[in-house]
Each structure stands twice: as C-alpha cells, then as structure tokens.
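Okay, so here's the structure we're looking at.
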Amino acid sequence: MTTAPISGLARLLVQHGRLVEADAEAVQHSATSNKLSFIEQLIQSRKMSAKDVAEFSSQAFGYPLLDLDKIDTGYIPVGVMDHKVMQGQRIVPLFKRGTKLFIGLSDITNLQAMEEVRFQSGMQVEPIVVEDSKLAALLDKLVEASGANLKNLEVDEADLEITGGDDGGDKGDTVNTDVDDAPVVKYLQKILLDAINGGASDIHFEPYEKYYRIRYRQDGVLREVAQPPLAIKEKIASRIKVISKLDISEKRIPQDGRMKLVLSKTRAIDFRVSTLPTLHGEKICMRILDPTSAQLGIDALGYEPEQKAAMLNAVNRPYGMVLVTGPTGSGKTVSLYTCLNILNQPGTNISTAEDPAEINLPGVNQVNVNDKAGLTFPVALKAFLRQDPDIIMVGEIRDLETADIAIKAAQTGHMVFSTLHTNDAPGTLTRLLNMGVAPFNVASSVILITAQRLARKLCTSCKTPVDIPHQALLDAGFKESDLDGSWTPYKAVGCDLCKNTGYKGRVGIYQVMPITDEMNRIIMTNGNAIDIADQARREGINDLRQSGLVKVKHGMTSLDEVMAVTNE
C-alpha cells in the first residue's frame, strides 16, 4: 500500500526532529483511515501530547500560544461563525478587535479553515495556537450552550404542531439538519446532534407520570441529559414517528422503523427506531448506526497482536465458519462488519441476512429478515446458496434449522460468519451441540470462535496511578510473574474532557479461540465446555478476564472496569 507523502505540520515535525518520518507517515495514514485530523491522531497515538504540539506550533510559526482554560467563555463573540464550521474545521472565535477576528486553532497549517472563517465573517483573521484537547472540550461546551432549550421557549401550543410536510417526496426518510420550522423540530435535531457528537450509541425518550426525560447511552452507561416539559412528550413522539415512517395513530403496539440524519454531503447517520407503549405514553429508543464504525479497521477494535493474527488467519480462509459471541451491545456487529470490510473486494460475492441490517456497507448484498412475510433466516440462507455466494453472514443462529444450513454452507466451500449469545468461546460449541447439531458437523465447519465484551477506556487527560494491594491483584487473576513492577495500574478520576466520568470511549476485550485438532477430538468424543476451556488454556489462549488484565497492564482501562465486564 502506497503512503501519501507527508505535508503541513507532519513535514515540519520531521524536519525539526520531533518525529521520525516513518511515524509521521503512519500517523497520517491512520488519521485518514479514522477520519481524524493529523493532530488528533498524533495525540491519540501518544507520539506527542496536545501541549507539546501547541508549544511546537507556536515556536515554529511565530504565533501566540493561549491557554483556553484561562479565557472567559462569556466573552466569546457570538454569531460570527457557524457552529458547523467551528466543529468541522476545529476552530473557535476568541475575541474581536476592530476589523480583526482572533481565532483559536490547534493546526496552524489549516489554511482552508482560516480562509473559510475569513469569508464567513468578512473580517481579517488572526490565528492563535491552542491545545487540541482543550479546543475540543471548548467546542463541545459552545455547541451545547447554543442549542435550543425547550423549557425556555415561550411559544403557543399551536406553534408546536408537528407535520410531515418537510419530509415530502421521495425523501421522507431523511431529516435535513437545516430544517427548523418549529421549536420541537429544532429541539429534536439538537438532541440527535448532541448524541452523535457525544459518541452515544442509543437515545431513550422516556415518559413517566410526573416528568419526561431523555437519556443517552455513552460508553455503555445511561446518562440523563434533559427533562423537557411533560406536555411535549406527544409532540416529540409524533415527530420521531413521522420521520421514521411509522403509524402515528397507532399507540397500542410496539413499532420499528428507521430514519436518517444527513450531516453533510459525505456523511449521514442512520437511526433504528423502536417504540414501546408504557403506562404513561410511548417510550422511544433510537439506536445510532454510524456506517463509519465498520471502517475503523481491525487495529482500532482492541485485539492483541496474537488475537489479531488468529482472526485474520481465519477470516482469510476459503471456507469454514467464524462465530462471534457476547451479550447485546458487546460490539459483535462492528466486529463482523470489520471482517466483511476486509473481504469486501470486487471479485467477492458477499450476502448477509440480518434482523435488521444495522450498518450499510456498499458492495455487500444485505437482506432484512421479515418473519411476518415468511423471509426467515433459513429462507434467506437457502436463497443465498442459489446466488453463487463466496461469503455469507447470518445475523444470529437462533435455531437448529438455521444452524444446519449455515454449517452445510461452510462445509461446501463458503465462508460463513454468524453470532450466538453465549458467555464465552468454549460455551459456544456446546450451545451448538445442545441445539441438536451433530458433533461431526461442528468439528468439520467451525474454525474460530471469538467472545467479546466492551470495556470503558480511561480518559488520558485525568487518569491517575493507583496503589492496589499485591494480594488483590493476584485475586483478580494476575500471575506472580506479571507483578514485576514494570507497569502501573490506573484509576478513573474525571475531568471536563470526559464529562467527569473518568472514562472516554470503549475498547474490546476478546477471547479468540481457533479450533484446533485437539479441540475437534474433544467435540467428537462429546466433551463439554469445561473440557474445551481446559484445552484452550493449555494452548495459551487468554480468556476474557486475562485479556482484560492485559488492557489494565497497558493503562487502557481500570481493574474495576475489567472486573465488572468480565464478572461471569
């Protein structure tokens, strides 16, 4: 793979000996793949800190350096710059002086951003260097402060009437972020955008007898973000149902739908919408489906080197079955789609059957199963086998019929991916046997099983070393040889950057178990999950707890978090 020549700040850092060229190229390539700025990726890769980058830029380019912690956000000029430009270009207006607008940015080589601000404000632009992490935190605060607060809107009840008029034509499933005809529309857009910007995976709209609340699930934890007036619950529910193409008159039974939020010409976010009648109105849950999550690459998921090698070895086999297991919300879909993205080439025919398809992947033939219409997993699988497939993905193996067809596909020269709900990798094999699948069929088809969980990552800005007693570390699962003093455990603290949770983002914890000849012998002789787990341990395969402890040693997460997510 050819790497683009480094330029801008990357080139300057190399010239001044702050980065070696190979590291600069790697960071630049990762930034492009992850759709981040060079500076964001540089800081995340820990090649340089935000403070070091800012100080270097200030000295190298001769621009002043400002600590954003020292400024009063109340004096930041309002209305001179669109918030989309501020977030998209990572730039913030600091103050005005005559015809000059002083702006804060972390990448002083971003001439396009300065030109865009100059054009939009009509003022002469004077750049000031700021730290990227503090800039990101300030931008979040400014966007949050600018949003419409429904509690303070003084409008007549008639103004809150919702119609589907802005969804006309053949674009009824698309929400345009520029539409703000009514306070409810504007408020809902703010809720959706805040959820996306905050990295939420789900949004919950929950009506109760005396109040109405909105919660985000961020990093696996639900957090209340708003309590709009109780009287508005029907308006919000109706608006969501209209744009999701659901029946707004039907409030007695659950409904499922989809909607799309267009952020730009190149990025759109899908939402899976579910309504549920409760005692005090309709509870609505919206799952945020970001297509870019499948394009993060396998390196971003958190596999250890030997686990990644085993996974790639299995994925690139010509036929066989790879199973991913774990509870709901453990990242199974992203893992599967990451594998499909690796295999998605012009010469490969890939078909998936899902309930429903969560991530849209161009080049992959995706089918939504529909039990009411008779399009079940077995029916879809049988149809796939008449479509000359190379790779098949089954959203979930739920019954013997689905398992049998999937296994026969794996035995007849196809690569099959699927998921099951079991606690760990060894338990998956016995689950198939308990379904009624013959031991020979399991042994001759399954080539790898991976179990996974998602653990919250410690915030790099505020995590603090913690002294954990030696015996407590041993009780957690560390070996005596691990406690050699070469590493330090950290604990969560909390700061503005991580919203005082101490955690920011999540990382996968995996048990990647290739099926070896010895394991196949255990399966053929009716061995159980304990026998397979013992064999996996003899072959040096880490279970979920051991994989989590590796993340603790690397300072990525805390021991408390690993104990919580791997507590079987």
Side-chain angles (χ1 to χ4, degrees), residues 40 43-47 49-50 133-134 136-137 140 198-202 215-224 296 299-308 326-332 334-335 423-424 450-512 542-568:
E40 285 179 279
I43 295 168
Q44 284 189 17
S45 64
R46 300 185 184 179
K47 301 294 182 185
S49 68
S133 56
K134 294 180 179 179
D140 287 344
S201 61
D202 301 86
R215 294 193 290 174
Y216 294 161
R217 186 175 293 280
Q218 293 173 300
D219 297 335
V221 178
L222 277 171
R223 181 174 66 88
E224 184 176 310
L296 291 174
D299 291 323
L301 299 184
Y303 288 99
E304 297 302 322
E306 65 277 5
Q307 294 175 335
K308 173 186 169 183
T328 300
S330 61
K332 298 189 299 295
V334 171
S335 293
N423 286 332
D424 58 11
T450 174
Q452 64 184 73
R453 300 290 188 274
L454 287 177
R456 291 179 294 169
K457 292 168 67 176
L458 286 165
C459 174
T460 55
S461 294
C462 62
K463 68 178 184 180
T464 302
V466 59
D467 186 18
I468 301 176
H470 187 88
Q471 188 58 46
L473 292 172
L474 291 174
D475 293 342
F478 283 107
K479 299 175 183 175
E480 192 69 51
S481 58
D482 293 325
L483 308 181
D484 55 5
S486 63
W487 58 277
T488 303
Y490 289 86
K491 67 176 182 179
V493 178
C495 64
D496 289 341
L497 190 63
C498 60
K499 305 289 192 299
N500 291 314
T501 63
Y503 298 94
K504 190 170 179 62
R506 288 193 287 179
V507 65
I509 293 176
Y510 303 92
Q511 179 185 22
V512 179
N542 283 345
D543 60 20
L544 288 166
R545 171 63 61 82
Q546 290 167 331
S547 294
L549 296 179
V550 172
K551 298 289 191 293
V552 174
K553 287 181 68 175
H554 292 165
M556 296 180 68
T557 189
S558 66
L559 182 59
D560 289 342
E561 180 69 6
V562 167
M563 296 291 284
V565 300
T566 62
N567 185 11
E568 304 298 346

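For the numbers below, each heavy atom of this structure counts, side chains included, while hydrogens, waters and symmetry mates do not.
Checked for salt-bridge contact, Glu561 and Lys457 miss the test: no charged N lies under 4.0 Å from a carboxylate O.
Considering all non-hydrogen atoms of both residues, Arg545 and Ala476 come closest at NH1-O, 3.2 Å. Closest non-hydrogen pair, Pro465 versus Tyr490, comes out as N-CD2, 3.5 Å. In plain terms, the two heavy atoms of Gly505 and Asp219 that are nearest each other are N-OD2, 3.1 Å. Here the closest heavy-atom approach between residue Gly329 and residue Leu454 is recorded as O-CD1, 3.6 Å. In terms of heavy atoms, Cys462 sits closest to Gly494 at SG-N, 3.3 Å. Between Arg506 and Ser201 the shortest heavy-atom distance is NH2-OG, 4.5 Å.
A donor-acceptor distance shorter than 3.5 angstrom exists from the side chain of Tyr510 to the backbone of Leu301, with no hydrogens or angles considered. Between the side chain of Gln546 and the main chain of Gly477, no donor-acceptor pair closer than 3.5 Å is present. The closest donor-acceptor contact from the side chain of Lys553 to the backbone of Asp482 lies at 3.5 Å or more, if one exists at all. At least one donor-acceptor pair closer than 3.5 Å links the side chain of Lys332 to the backbone N or O of Pro327. The closest donor-acceptor contact from the side chain of Arg453 to the backbone of Val562 lies at 3.5 Å or more, if one exists at all. Judged purely by atom type and a 3.5 angstrom limit, Thr557 uses its side chain to pair as donor or acceptor with the backbone of Arg456.
We find the CG-OG distance between Leu497 and Ser133 to be 6.0 Å, quoted to the nearest 0.5 Å. One distance of note links CG of Asp424 with CG of Asp543; it measures 8.0 Å at 0.5 Å rounding.
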Exercise for review: Under the side chain to side chain contact (heavy atoms under 4.5 Å, CB included) rule, what do His470 and Leu473 come out as? Steps first, then yes or no, please.
Suggested key: CA-CA 5 Å; His470 187 88; Leu473 292 172; 5.7 Å; no
Practice item. Quick one: do Ser547 and Gln307 satisfy side-chain hydrogen bond (donor to acceptor under 3.5 Å, both in side chains)? Show the steps, please. Key: CA-CA 10 Å; Ser547 294; Gln307 294 175 335; 3.1 Å; yes
**Study point:** side chain to side chain contact (heavy atoms under 4.5 Å, CB included) evaluation trace for Leu474 with Leu483
**Key:** CA-CA 9 Å; Leu474 291 174; Leu483 308 181; 3.7 Å; yes
**Study point:** Derivation and outcome, side chain to side chain contact (heavy atoms under 4.5 Å, CB included), residues Lys463 and Met556
**Key:** CA-CA 10 Å; Lys463 68 178 184 180; Met556 296 180 68; over 6 Å; no
**Study point:** Check against side chain to side chain contact (heavy atoms under 4.5 Å, CB included), Val552 and Phe478
**Key:** CA-CA 10 Å; Val552 174; Phe478 283 107; 4.1 Å; yes
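Side-chain contact between Leu458 and Tyr503 is present, with heavy atoms from C-beta onward closer than 4.5 Å. Residues Leu559 and Pro489 form no side-chain contact, since every pair of their non-hydrogen atoms from C-beta on lies 4.5 Å or further apart. Counting heavy atoms from C-beta outward, Thr460 and Arg46 have side chains that approach closer than 4.5 Å. Put simply, the side chain of Thr566 does not reach to within 4.5 Å of the side chain of Leu549, judged on heavy atoms. Side-chain contact between Thr501 and Val221: absent, with no pair of heavy atoms (C-beta onward) separated by less than 4.5 Å.
Taking a 6.0 Å sphere around CG of Asp467, one finds it holds 12 or fewer heavy atoms contributed by other residues, nucleotides or ligands.
Counted by atom type alone, Asp484 and Ser486 present one or more donor-acceptor pairs between their side chains at under 3.5 Å.
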